[in-house]
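Residue numbers count from 1 along this sequence.
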Amino acid sequence: MPLTQTEIQSRAYAFAKEWRQTTRERAESQTFWNEFFEIFGLSRRRVASFEEPVKKLGDLRGSIDLFWKGTLLVEHKSRGRDLDKAYGQALDYFPGIREQDLPKYVLVSDFSQFRLYDLDAGDEFDFDLADLPQNIHLFGFISGYTTRVYHDEDPVNIQVAETMGALHDELLKSGYSGHALEVFLVRLVYCLFADDTGIFPKDHFHYFIENRTNPNGSDTGGLLAGIFQMLNTAPERRQSAADAEILQFPYINGGLFEESLHIPFFNAKMRAALLDCCSFDWGRVSPAIFGSLFQSVMDKDQRRRQGAHYTSEKNILKVARPLFLDDLRAEFNASQTDARKLRGLHDKLAALKFFDPACGCGNFLIITYRELRRLELDILRQLRKLSGQEAHQMTLGEQLSRLDVDALYGLEIDEFPARIAEVALWLTDHQMNMELSQEFGQTFIRLPLKKSANIQNGNALQVDWESFVPKANLTILGNPPFVGKNMRTPAQNADMEAVCAPLGNYGVLDYVSAWYIKAAQFIRGTNIRVAFVSTNSITQGEQVGALWGWLLAQGIKIHFAHRTFRWSNDARGRAAVFCVVIGFGMSDVLQKRLFDYANPDAEAQEILARNINPYLVIADDIIIDSRNKPLCDVPEMLFGSKPTDNGNLILNDVQKAELLHKEPVAEKFIHPLISAHEFLHGENRWCLWLKDASPAELRKMPEVMKRVEAVRQFRLKSTKAATVKLASMPYLFAEIRQPVNNYILIPIHSSENRLYVPITFFGAENIVHNSSTAIPNATLYHFGVISSLMHMAWMRAVCGRIKSDYRYSNNIVYNNFPWPGEATPAQKARVESAAQSVLAARQGYPDSSLADLYDPAAMPKPLVDAHRALDKAVDLCYRPQPFATELERLEYLFGLYRQLNEPMLLAMEPVKPKRKK
């Protein structure tokens, strides 16, 4: 059992008193440091060596006074000697030390003065021997009581993953694989972590591997088997003949070391890889990223590319804080002067349970548990303050943690991450116990393990949640899989069919929707709150109607939400994922919280809301359904024409020139074809538009007829009956929707990086491809409104997405758009003038494509200014006050949409018969 902080401080007082009174000098420095280590209950001989030989720069040789590999270097001088010079001498040894053995601390002393350098933090501490007891906390790296600060992208995480990966690869290459390898590595990582965090005596595991095994590795596996066996054996059941040092390993229990495994055979290279793993300070690796690191260890191809990416704590707290932590913290702040209320809050914390139905390696549960334990520590600290007691005066019962990992529940489809989650939660519990021990000066360690998190290996969409987790005092949170509707596997489709049957049209939904539906069914009749991270597509386009129409009908209310932001846990080199966080429940809350982002990489701005609808807008719960005609009195929008020709009716510049060289008569039937790509990138494409060609004209163009015949053969081979039928008219596009006069063209797909989707006017001779839409009979006023930020905000909120790009549609976006209701002729004239200025600004850059002009990093200032003027002119058609944010625009538009729809909704309601008198 590690010494308590109080015991360590008491020993420090005795040490300082003894050595202040002595006249012993440098000759007895080794006795000095042996006794110094005994302050912490640690044998210096086991972790550090005296007079360690080292090669300095050049051919010089030297010896380090005291060296603890990977941790501490001590340079000791006689009383009164220059400590600056001693520190410089210590640094001279660094070039001769292996990188993995470089110390994290340098300590220089002359018996009466100490100077400690924390090389990682860049801190320096000077104090007299007499002040050692007051500064003993600085040596927490020896006792295991160090307060750790974890960084999201700490380079040590990448190094640990690579070093563990090297060991994994060697084991795998030797034929050790599968379940045994996974369990073996989990056990190893637990031991490595325990070696640096006070579960084991400091570096005890490292000592055994380095000093008790043969350098050729022949007995390493056997020794590890013995250690694992000891960790699973209660003290009263241990053999008396066992090695005294192996008996120092504590009884862990918990099932981690219970399973009988085939132990791998090691060689010298594998042993060296294990020692490299031991050389890291595993206390610097947060259990919150433990699982993600392990996953990269197991995947050799992804290891380097993924590095230390994982679900960041910042993103996890976007879920946890508004879901439950902020309320608990507020209750704590309001209770700080009332011990009775504080104890009541402590009782409340002890009763809470948390469930992650897609827990992976347990990141959300780990951060949840850590934050609850920190709040509990604040409660205990405040109770101590109110009682007037010193930390060491409180009994262990008064300061005992009442929270344990058995309050956590998780479902995970893969066995390996499930086991990692279980172990990571034990390690998190230990870290929090160390913080508790450090605060109160009394050791609190939960060994042997008696409780464990309830992590089950199973498919969350098939497991009966009712029989797995109790509903009382439950909160549900997590990050279900990011799988788009077109990327689902057959097994995932089967999951959707089983869970989403009540919806009917679930085929358009992303996989994450199944968790919303299952959660909604589970929480019926309860006050359970739920929050999930999700792909933002479930709040856009057709998915809103399919999913949220059903959820709202069940009584679901959104309590808080983060609008679209960039999720930061994707691997390097992969496409970003744009996410939302949605917190919901069956009961309503008076004050809702919406977190808005100026752009997906910005910091969130919190807004208090009366209601948050499924589009994550502060407005009434409205579903934008598909509409065949525009909501307002504006020209209708058409889809472009679809060729279904296998490319035979379409020409590039070279093909056009070749055809005209052979058949000049075909020129009047060749028209520009405007698809989204050519339109945006300023490229040319042409098509054979034979709609008005007579049979005689066709027969005079044999080269054209070759292409027509190829279309006929292509359509005849189709598996679709409708396409085969079209083979009877192979000279025509399969679907013809070409305007007969000038029109506005809008590309269906456009990059999510653009603030404005580029649109423009075309003449009827330009054939609209089905990758674009057209608005015939449109005016400059119509062009101006749909080019403005008002329309773009609406489009971004309600359109569908392909990956993260916008997917513009007539029936969802255009036909439902609430146009300005009562714009005056003067206001419309200002919009038309500003719209003309936008077109003129484009003309000033004839060598730039629309993709160039609307690149947010390259958009020229005249075009930016023209669009801003247009935005202002359109805004004034809606109201006199300017709109400050996109969210403000959406609030107004959704309110206007409801007003425009109310007459139709009232007309659809059945008329109640009048009662006769």
Side-chain angles (χ1 to χ4, degrees), residues 322-323 357 476-477 480 485 496 499-564 580-595 607 609-627 631 794 797-800 811-813 816 818 887 890-891 893-902 904-906 908-910:
L323 181 62
I476 302 174
L477 73 168
K485 61 184 179 181
M496 294 285 286
V499 174
C500 306
L503 276 69
N505 58 339
Y506 63 83
V508 302
L509 297 176
D510 286 356
Y511 191 44
V512 69
S513 301
W515 272 261
Y516 281 81
I517 295 161
K518 187 141 185 172
Q521 294 168 335
F522 178 72
I523 67 174
R524 279 192 185 122
T526 74
N527 290 321
I528 295 172
R529 295 188 179 186
V530 185
F532 290 139
V533 182
S534 313
T535 44
N536 62 357
S537 48
I538 69 165
T539 64
Q540 300 163 344
E542 60 186 351
Q543 293 201 47
V544 175
L547 173 63
W548 288 97
W550 184 86
L551 289 174
L552 294 176
Q554 308 309 303
I556 289 293
K557 297 295 294 184
I558 296 176
H559 297 162
F560 73 90
H562 282 262
R563 303 187 79 231
T564 298
V580 294
V581 174
I582 303 176
F584 61 94
M586 282 292 180
S587 58
D588 205 355
V589 294
L590 290 177
Q591 186 166 281
K592 300 174 177 69
R593 303 166 69 184
L594 185 62
F595 298 86
I607 304 166
R610 60 177 179 82
N611 193 68
I612 302 172
N613 73 15
Y615 297 92
L616 306 190
V617 172
I618 301 174
D620 294 333
D621 289 332
I622 294 171
I623 302 295
I624 307 298
D625 290 319
S626 179
R627 185 188 296 272
L631 175 65
W794 178 262
V798 304
C799 77
N811 52 1
I812 293 289
V813 180
N816 283 295
L887 183 59
L890 289 171
E891 291 176 38
L893 288 171
F894 271 92
L896 182 57
Y897 174 85
R898 185 172 185 85
Q899 291 175 25
L900 293 170
N901 268 280
E902 275 180 351
M904 287 178 276
L905 293 173
L906 291 172
M908 292 170 62
E909 291 181 1

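- Ser587 contributes atom OG, which lies 9.5 Å from atom CD1 of Ile556 (distance to the nearest 0.5 angstrom).
- Screening residues 545-557 for side chain to side chain donor-acceptor pair (under 3.5 Å) gives Arg524-Gln554, Lys557-Asn611, Lys557-Asp621 as the qualifying pairs, with residues at least two apart or on separate chains.
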From CA spacing to verdict: side chain to side chain contact (heavy atoms under 4.5 Å, CB included), Phe584, His559 | CA-CA 5 Å; Phe584 61 94; His559 297 162; 5.6 Å; no
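- Rounding to the nearest 0.5 Å gives a distance of 6.0 Å between CG of Leu509 and CD1 of Ile517.
- Nearest heavy atoms, Met496 versus Ala514: SD-CB, 3.9 Å.
- Pairs of residues two or more places apart, or lying in two chains, never qualify as salt bridge (charged side-chain N to carboxylate O under 4.0 Å, His left out) while including a residue from residues 543-553.
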Intermediate values then yes/no, side chain to side chain contact (heavy atoms under 4.5 Å, CB included), Ile523 and Ile476 = CA-CA 10 Å; Ile523 67 174; Ile476 302 174; 4.2 Å; yes
Residues Ile612, Val617; criterion side chain to side chain contact (heavy atoms under 4.5 Å, CB included); working and verdict = CA-CA 5 Å; Ile612 302 172; Val617 172; over 6 Å; no
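- Between Tyr516 atom OH and Asp510 atom CG the span is 10.5 Å, to the nearest 0.5 Å.
- Taking 4.5 Å as the limit, some side-chain heavy atom of Val813 sits within range of a side-chain heavy atom of Trp794.
- The two atoms that bring Ala546 and Leu503 nearest to each other are O-CD2, 3.2 Å, heavy atoms only.
- Side-chain contact check for Asp620 versus Arg610: some heavy-atom pair is nearer than 4.5 Å.
- Across Ile538 and Gln543, no two heavy atoms sit closer than the pair CG2-OE1, 3.6 Å.
- Side-chain contact annotation: Thr535 with Tyr511, donor-acceptor N/O pair under 3.5 Å absent.
- Not one N or O on the side chain of Asn536 forms a donor-acceptor pair closer than 3.5 Å with the backbone of Thr564.
- Judged by distance alone, with hydrogens and angles left aside, the side-chain atoms of Asp625 form no donor-acceptor pair with the main-chain N or O of Gly545 at under 3.5 Å.
- Here Trp515 contributes atom CH2 and Phe522 contributes atom CZ; the two are 15.5 Å apart, rounded to the nearest 0.5 Å.
- Within 6.0 Å of CG in Asn505 there are more than 12 heavy atoms belonging to other residues, nucleotides or ligands.
- The aromatic rings of His562 and Phe595 sit parallel to each other, their planes meeting at less than 30°, with 60° as the upper class boundary.
- Taking the side chain as every heavy atom from C-beta outward, Leu477 and Phe532 never approach each other to under 4.5 Å.
- A pairwise comparison of heavy atoms in Ala531 and Phe560 identifies CB-CZ, 3.7 Å as the closest pair.
- Donor-acceptor pairing under 3.5 Å is recorded for the side chains of Asn816 and Arg627.
- Taking the side chain as every heavy atom from C-beta outward, Lys592 and Val589 approach each other to under 4.5 Å.
- Side chains of Ile607 and Leu887 form a contact here, defined as non-hydrogen atoms less than 4.5 Å apart.
- The heavy-atom pair separating Pro614 from Thr539 by the smallest distance is O-CB, 3.3 Å.
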Give the intermediate values and the outcome of side chain to side chain contact (heavy atoms under 4.5 Å, CB included) for residues Val798 and Phe894.
-> CA-CA 11 Å; Val798 304; Phe894 271 92; 4.1 Å; yes
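- Smallest separation of non-hydrogen atoms from Met586 and Thr526: CB-O, 3.9 Å.
- Under a 3.5 Å cut-off, the side chain of Tyr897 and the backbone N or O of Leu631 do not form any donor-acceptor pair.
- Note: Arg563 CZ to Ile582 CD1 = 11.5 Å, rounded to the nearest 0.5 Å.
- With rounding to the nearest 0.5 Å, the separation of OG in Ser626 from CD1 in Ile812 is 5.0 Å.
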